[in-house]
Amino acid sequence: MRRFPLFAFPLVAIAVAGFFSGCEKGAGSSGGGDQILNVSYDPTRELWKALNAAYEPKYKAEHKKPLTVKQSHAGSGPQARAVIDGLEADVVTLALWSDTDAIHQKGLIADGWEERLPNHSVAYTSTLVFVVRKGNPQGIKDWPDLVKPGVEVIVPSPKTSGNGKLAFLAAWGSVILNGGTEEQAREFVTTIYRNAPVLDTGARGATTSFAQRGLGNVHLTWESEAHLEVDESKGALEIVFPPTSILAEPYVAVVDKVVDQRGTRAIAEEYLKFLYTPEAQEIIAKHFYRPIDPAVLEAHRGQFPEIKLFPVSAVAKDLNDAQVRFFNDGAEFDKIYQPSK
């Protein structure tokens, strides 16, 4: 599998700007072919590049005309807001259910959207792991090690990033699920974030801070992103799989209002259905996202160590409840973390 250097994507602005030059015309067609826009979250560039490269020739062979799938990548929350504010996404493949549901709440995605695709519109799952420097000099093996004296954690902001939100909830849950109180969970996450040298806006920015800028001792990141940055490091970084972590379920959805206006509904629906095929599930697994196809998962079992994964419901009613309790303005995170001025 080809790897792409992390420094090839140094600025979210570049990634977002890149699609504007090719997507403003709308109408679902370009140069005699079809075109759709997939708005996704920050670290999935390599995954969707591979999936699109596999799907576009299949579409051309079947429909006798080319398809171009444009991509937009940034933090999951800002991406949802961009779609709400008018970014014409045919499909959204965001990090969190709550980000996709925010688009639904604004009337852009129809009711019952989760049930329109297999597995409640979840094509793969993931989790959060630790990346450490060669030899793991701080001896980081589990969540309590993140608050050892001298340890600095690199993690994106939960105000803007799906990785950031899940990292916060995973850290909080690691205390609660081991019999700790909410006050102990609060003290634990407070220590983590007060010792964080920087909070980037998205997962890829945090990767750059850790792997390229050399900040921090441990990076709390997506499992897929961990493999990518370790590969790029040429032996300078290592992955640590904690015994427990949070279950991440990125949802996919057609943006009904956009596809109906642009006449791209059939194209968008067919595109997302491709994700559930054995071919796509293999690509997903090769990029270190956990496939939902049992046969594909079993074939790649060796690359996905067993981790006890707990759902968001272990620490909140659901992701919307988590947003209100922890991440809204003035909520838990704002009480424990104030950026330096």
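Remember, predicted model here, so these are calculated numbers, not experimental data. Values below: all heavy atoms of this structure, side chains included; hydrogens, waters and symmetry mates excluded.
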Flag, side chain of H287 to backbone of I283, donor-acceptor distance under 3.5 Å: yes
Is there any ring-ring contact (aromatic ring centres under 6.0 Å, His included) pair reaching into residues 126-162, and which pairs are they, with sequence neighbours excluded? F130-W143
Not counting sequence neighbours, which residues clear ring pair (Phe, Tyr, Trp, His ring centres under 6.0 Å) with H120? List them please.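 For H120, no residue satisfies ring pair (Phe, Tyr, Trp, His ring centres under 6.0 Å) once neighbours in sequence are set aside.
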Once salt bridge (Lys or Arg N to Asp or Glu O under 4.0 Å) is applied, what residue pairs with a partner in [range] remain, sequence neighbours excluded?
range: residues 102-115; value: none
range: residues 139-157; value: D145-K148
range: residues 236-251; value: none

Considering residues at least two apart in sequence or located in another chain, which fulfil the salt bridge (charged side-chain N to carboxylate O under 4.0 Å, His left out) criterion with [X]?
X: K308; value: none
X: D329; value: K159
X: D260; value: R265
X: K65; value: D34

Distance-only check: which donor-acceptor pairs under 3.5 Å involve side-chain atoms of residues 274-282, not counting sequence neighbours?
from: Y276; atom 1: OH; to: P118; atom 2: O; distance (Å): 3.1
from: Y276; atom 1: OH; to: V122; atom 2: N; distance (Å): 3.4
from: T277; atom 1: OG1; to: F274; atom 2: O; distance (Å): 2.7
from: T277; atom 1: OG1; to: A280; atom 2: N; distance (Å): 3.3
from: Q281; atom 1: OE1; to: I292; atom 2: N; distance (Å): 2.8
from: Q281; atom 1: OE1; to: D293; atom 2: N; distance (Å): 3.0
from: Q281; atom 1: NE2; to: A123; atom 2: O; distance (Å): 2.9
from: Q281; atom 1: NE2; to: L275; atom 2: O; distance (Å): 2.9
from: E282; atom 1: OE1; to: H300; atom 2: NE2; distance (Å): 2.8

Tell me which donor-acceptor pairs under 3.5 Å the side chains of residues 190-197 have, and how far apart each pair is, sequence neighbours excluded?
from: T190; atom 1: OG1; to: R186; atom 2: O; distance (Å): 2.6
from: T191; atom 1: OG1; to: E187; atom 2: O; distance (Å): 3.0
from: N195; atom 1: ND2; to: T191; atom 2: O; distance (Å): 3.2

Would you verify whether the NZ or CZ of R204 falls within 45 degrees of the ring axis of Y41 while also being under 6.0 Å from that six-membered ring's centre?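 So R204 doesn't make the cation-pi contact.
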How long is the span from the OG atom in S126 to the CH2 atom in W222, to the nearest 0.5 Å?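 Rounded to the nearest 0.5 Å, the OG-CH2 separation comes to 5.5 Å.
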Between S98 and N320, do the side chains contain a donor N or O and an acceptor N or O under 3.5 Å apart? no
side-chain hydrogen bond (donor to acceptor under 3.5 Å, both in side chains) against E56, all qualifying residues, sequence neighbours excluded: none
